[in-house]
Peer 1: 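One structure, as structure tokens, below. Some questions next.
Source: prediction; values computed, not measured. Heavy-atom basis, side chains included; hydrogens, waters and symmetry copies ignored.
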Amino acid sequence: ALAVPAAAQTAQDAREAYNSGDYATALTLAAPLSDGGDPVAQNVMALLYEEGLAGLPLDIARAMELYEASAAAGWWVAQRNLGTILRDGIPGVPADPQRALALMTKAHEQGQAAATLDLAHMYWDGVGTEVDLVEARRLLEIAAAQNDDNALNDLGVLFEDGLGGSADLDRAKALYRQAAELGNPLGGLNVATLMLADEAITPEAQIEAVAWCLWAQARAAGDEFYEESVAEDCAAVVADAEAADLDAAKTLADSFLARF
């Protein structure tokens, strides 16, 4: 195959190189495009400066300049990245929750589920605004409709607990299951927990609940975000299962692992 001429390579190529961990290529591709004002390339360069990658110095001030330029040009990834920094604050950059909310709103308005999820949590937690669980639920519905697994799980929590609207345990269970089927370990833990809370649970459903916990443990293994939150709760569920049920649950969990 013929090599793609450098001039034909785009800022999206630079973005893909960054996302794959090829920071040297990301720098090579992004630097000239960023200097020419390409917002996607500016965001890539901002990431490289923020983390001091590809031989660049760690330069937060330069990263912020590039994020600002890219966000002002309308690139939703930069709006989200800048919003995240200003939401939390980092050394050298104080938090500005109100501006963070405005940036996340702009990114959300471009139809990006990741930004919509972040914005929902700002309303959920009252960051840059008053706590507004009704708005958080509305936003999570939007992100969940785009099959964002975290949004599906979090929306399930709102329906289970009756936050931001009425409780609906059947809807919560369906949302948790959908999140799990997209690979979210918390969805598996939550659907199992909700199933086991039903006093009228059938033996078959009990086996399924244990299977979801076994599946969640396997999917969370080695994932620092999920492993701790899933392992302990699911270990208790598995420990309570009778031997015959556990054997059946393991078989079902293996089928889940093959599918999700």
Side-chain angles (χ1 to χ4, degrees), residues 113-114 116-121 123-125 131 133-260:
T116 303
L117 176 65
D118 289 340
L119 184 62
H121 278 281
Y123 280 100
W124 191 332
D125 298 330
V131 171
L133 294 174
V134 173
E135 180 64 2
R137 186 188 279 213
R138 185 188 74 83
L139 290 165
L140 286 173
E141 289 276 17
I142 294 170
Q146 295 175 268
N147 284 330
D148 183 286
D149 61 291
N150 289 306
L152 287 159
N153 180 74
D154 295 348
L155 185 60
V157 172
L158 294 184
F159 274 100
E160 180 178 359
D161 294 341
L163 300 173
S166 60
D168 184 337
L169 297 184
D170 288 337
R171 179 87 196 282
K173 190 186 301 181
L175 287 162
Y176 290 147
R177 191 187 304 273
Q178 192 176 350
E181 290 176 357
L182 289 170
N184 190 299
L186 284 178
L189 168 61
N190 288 336
V191 74
T193 302
L194 193 54
M195 291 175 73
L196 291 169
D198 183 353
E199 294 181 356
I201 188 170
T202 65
E204 293 78 9
Q206 190 157 4
I207 290 169
E208 182 186 348
V210 176
W212 276 120
C213 254
L214 291 168
W215 173 89
Q217 284 179 313
R219 282 286 174 258
D223 187 315
E224 62 183 41
F225 181 78
Y226 289 117
E227 188 166 25
E228 184 176 351
S229 58
V230 168
E232 185 175 347
D233 288 341
C234 272
V237 169
V238 173
D240 287 342
E242 295 184 5
D245 287 348
L246 185 55
D247 286 342
K250 286 178 179 176
T251 300
L252 184 56
D254 287 341
S255 76
F256 289 168
L257 287 166
R259 291 157 56 201
F260 324 123

Peer 1: How many angstroms lie between atom OG1 of T116 and atom NE2 of H121, to the nearest 0.5 angstrom?
Peer 2: 11.5 Å

Peer 1: Any idea which heavy atoms bring A200 and D198 closest together, and the distance?
Peer 2: N-OD1, 2.9 Å

Peer 1: Determine which pairs satisfy side-chain hydrogen bond (donor to acceptor under 3.5 Å, both in side chains) with at least one residue from residues 212-225, sequence neighbours left out, and list them in order.
Peer 2: E208-W212

Peer 1: Among all residues two or more places apart in sequence or in another chain, which pass the side chain to side chain contact (heavy atoms under 4.5 Å, CB included) test with D161?
Peer 2: V157, L163

Peer 1: Report the distance from atom CG of D154 to atom CG of D149, rounding to the nearest 0.5 Å.
Peer 2: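 One finds 9.5 Å between CG of D154 and CG of D149.
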
Peer 1: Check A192 against C213 and note the closest heavy-atom contact, atom names and distance.
Peer 2: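 Scanning both residues completely, I find the closest heavy atoms to be CB-SG, 3.9 Å.
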
Peer 1: Once rounded to the nearest 0.5 Å, what's the spacing between atom CZ of R259 and atom CG of D254?
Peer 2: 12.0 Å

Peer 1: Which heavy-atom pair separates A143 from A113 by the least distance, and what is that distance?
Peer 2: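 That closest heavy-atom pairing would be CB-O, 3.9 Å.
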
Peer 1: Any side-chain hydrogen bond (donor to acceptor under 3.5 Å, both in side chains) involving residues 137-146? Give me the pairs, sequence neighbours left out, ordered by first then second residue.
Peer 2: E135-R138, E141-R171

Peer 1: Give me the atom names and distance for the closest heavy-atom approach of C234 to L189.
Peer 2: SG-CD1, 3.6 Å

Peer 1: Would you kindly say whether N153 and Q178 are connected by a side-chain donor-acceptor distance under 3.5 Å?
Peer 2: no

Peer 1: Hey, could you give me the CG/CZ distance between L175 and R177, rounded to the nearest 0.5 Å?
Peer 2: 11.0 Å

Peer 1: Please give me the minimum heavy-atom distance between G187 and A180, naming the atom from each residue.
Peer 2: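 Of all heavy-atom pairs spanning G187 and A180, the closest is C-CB, 3.9 Å.
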
Peer 1: To the closest 0.5 Å, what do you measure between CZ (F159) and CG (D170)?
Peer 2: 11.5 Å

Peer 1: For residues 238-253, which residue pairs qualify under side-chain hydrogen bond (donor to acceptor under 3.5 Å, both in side chains), counting only residues two or more places apart or in two chains?
Peer 2: none

Peer 1: Does any part of the side chain of W124, heavy atoms only, come nearer than 4.5 Å to the side chain of L140, both counted from C-beta?
Peer 2: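 Sidechains of W124 and L140: in contact.
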
Peer 1: Could you work out, with side-chain hydrogen bond (donor to acceptor under 3.5 Å, both in side chains) as the rule, every residue matching Q206, not counting sequence neighbours?
Peer 2: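 Not a single residue meets the side-chain hydrogen bond (donor to acceptor under 3.5 Å, both in side chains) criterion with Q206.
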
Peer 1: Keeping to residues at least two apart or across chains, list the side-chain hydrogen bond (donor to acceptor under 3.5 Å, both in side chains) pairs with something in residues 226-238.
Peer 2: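 Passing the test, one end in residues 226-238: N150-Y226, N184-Y226.
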
Peer 1: To the nearest 0.5 Å, what is the distance between CG on L133 and OH on Y123?
Peer 2: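 Here the rounded value is 12.5 Å.
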
Peer 1: L182 vs F260, test: side chain to side chain contact (heavy atoms under 4.5 Å, CB included). Steps then yes/no.
Peer 2: CA-CA 6 Å; L182 289 170; F260 324 123; over 6 Å; no

Peer 1: So do L246 and V238 actually touch side chain to side chain, heavy atoms under 4.5 Å?
Peer 2: yes

